[in-house]
Amino acid sequence: MFLRTTTIAVAGLPLSTIVGCNKNNQDHIHCQTGEDILGPFYRAEAPYRNALNVLSEEGTPIIIHGTVRGGADCDTLLAQETLDVWQADDSGAYDNESSDFKFRGRVKTNDQSFYEFMSILPGRYLNGNEFRPRHIHFLARASNHLDLVTQLYFEGDPYIPSDPWASQADTGRIIKLNEVDEVLTGEFDINLQLR
């Protein structure tokens, strides 16, 4: 089975180290991962799958994994919930029409709130006169939580500072990629806010 059954341990970490956590005046914890634009390329009803490169197109292989948590404590496991994921291909183009839903998919968290998918490093594309940095879109949904539209970016991308959205991203959404057996791997944990 492609999904791992391990959990990412956060026990013992100070609350402030969890992505985006802070307390307001009522001591209620807010830890929602930062929001981002939906963008013009979202398509509903992508198939459930953990491999987004369905036609084995050229590109640098990546594996993205993480946990999805929520609740008032920022640490409640959100098992069997859905992430809608979409991205550009290696050349920076989105599949907006084909029945293949290339580089798109819905991924479910397992019983330990873990998710994982395989794809390729997305290409950059022009937004006006500037390139958008490489990024992957997420729409996270879980019962009793607010829907979250966000994007992850990659450390060291030279176009992050000039991008109006990536330049505002909290550090938890700009992830480091490590190479393991010629595949880039990155961890992106998502926290949802209760309704």
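No hydrogens, no waters, no symmetry mates; every other heavy atom, side chains included, goes into these values. We're numbering straight along the sequence, starting at 1.
- A distance of 6.5 Å separates CG in Leu83 from CZ in Phe138, rounded to the nearest 0.5 Å.
- Glu116 places none of its side-chain heavy atoms less than 4.5 Å from the side chain of Ile64.
- By the 4.5 Å heavy-atom criterion applied to side chains, Ile63 and Phe117 are not counted as neighbours.
- Ile136 and Leu177 end up in the same hydrophobic cluster when Ile, Leu, Val, Met, Phe, Trp and Tyr side chains are linked at under 4.5 Å.
- Residues Leu52 and Val85 have side chains in contact (heavy-atom distance under 4.5 Å, counting atoms from C-beta outward).
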Kindly indicate, with the supporting measurements, whether the criterion salt bridge (charged side-chain N to carboxylate O under 4.0 Å, His left out) is fulfilled by Arg124 and Asp157. CA-CA 10 Å; Arg124 298 182 182 100; Asp157 193 306; 3.3 Å; yes
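- Qualifying salt bridge (Lys or Arg N to Asp or Glu O under 4.0 Å) partners for Arg132, counting only residues two or more places apart in sequence or in other chains: Asp163.
- Between Gln87 atom CD and Gln151 atom CD the span is 11.5 Å, to the nearest 0.5 Å.
- Listed here is the closest heavy atom pair of Leu78 and His145: CD2-CE1, 3.6 Å.
- When every heavy atom of Ile62 is checked against every heavy atom of Ile120, the shortest pair comes out as CD1-O, 3.5 Å.
- A donor-acceptor pair under 3.5 Å is formed between the side chain of Arg49 and the backbone N or O of Arg104.
- Checked against the 6.0 Å centroid threshold, Phe114 and His65 count as a close aromatic pair.
- Between the NZ atom in Lys176 and the CD atom in Glu155 there is a gap of 6.5 Å [rounded to 0.5 Å].
- Separation of atoms CH2 (Trp165) and CG (Asn127) is listed at 5.0 Å; rounding is to 0.5 Å.
- Salt bridge Glu45/Arg106: present, at least one basic N to carboxylate O contact under 4.0 Å.
- Inter-residue side-chain proximity for Pro122 and Trp86 is flagged as unmet; no heavy-atom pair is nearer than 4.5 Å.
- Side-chain atoms of Thr60 do not come within 3.5 Å of backbone N or O of Leu121 as any donor-acceptor pair.
- No hydrogens or angles considered: nothing links the side chains of Asn110 and Ser113 as a donor-acceptor pair under 3.5 Å.
- To the nearest 0.5 Å, atom CG of residue Leu77 and atom CD of residue Gln112 are 7.5 Å apart.
- Not a single donor-acceptor pair under 3.5 Å links the side chain of Asp100 to the backbone N or O of Lys102.
- At distances below 3.5 Å, at least one donor-acceptor pair connects side-chain atoms of Thr33 with backbone N or O atoms of Asn191.
- Under the ring-ring contact (aromatic ring centres under 6.0 Å, His included) test applied with Tyr94, the options Tyr42, Phe101, Tyr125, Phe103 reduce to a single match, Tyr125.
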Let's go through Asn53 and Ser56 carefully: what are the C-alpha distance in whole Å and the side-chain angles of both, what is the deciding distance for side-chain hydrogen bond (donor to acceptor under 3.5 Å, both in side chains) to 0.1 Å, and is it a yes or a no? CA-CA 5 Å; Asn53 190 4; Ser56 301; 5.6 Å; no
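- You'll find the side chain of Thr67 stays beyond 4.5 Å of the side chain of Ile190, heavy atoms only.
- A 4.5 Å side-chain heavy-atom check between Leu146 and Leu194 finds every atom pair outside the cut-off.
- Linking Ile, Leu, Val, Met, Phe, Trp and Tyr residues whenever their side-chain heavy atoms come within less than 4.5 Å leaves Val54 and Met118 in two separate clusters.
- Within 6.0 Å of CD on Glu179 lie more than 12 heavy atoms contributed by other residues, nucleotides or ligands.
- The aromatic rings of His135 and Tyr153 are tilted relative to each other, their planes meeting at an angle between 30° and 60°.
- Taking the side chain as every heavy atom from C-beta outward, Arg173 and Asp36 approach each other to under 4.5 Å.
- Contact check on Lys108 versus Glu81 returns no salt bridge, with no Lys/Arg side-chain nitrogen under 4.0 Å from an Asp/Glu carboxylate oxygen.
- From Leu184, atom CG reaches atom OG of Ser119 across 11.5 Å, with rounding to the nearest 0.5 Å.
- Phe188 places none of its side-chain heavy atoms less than 4.5 Å from the side chain of Ile174.
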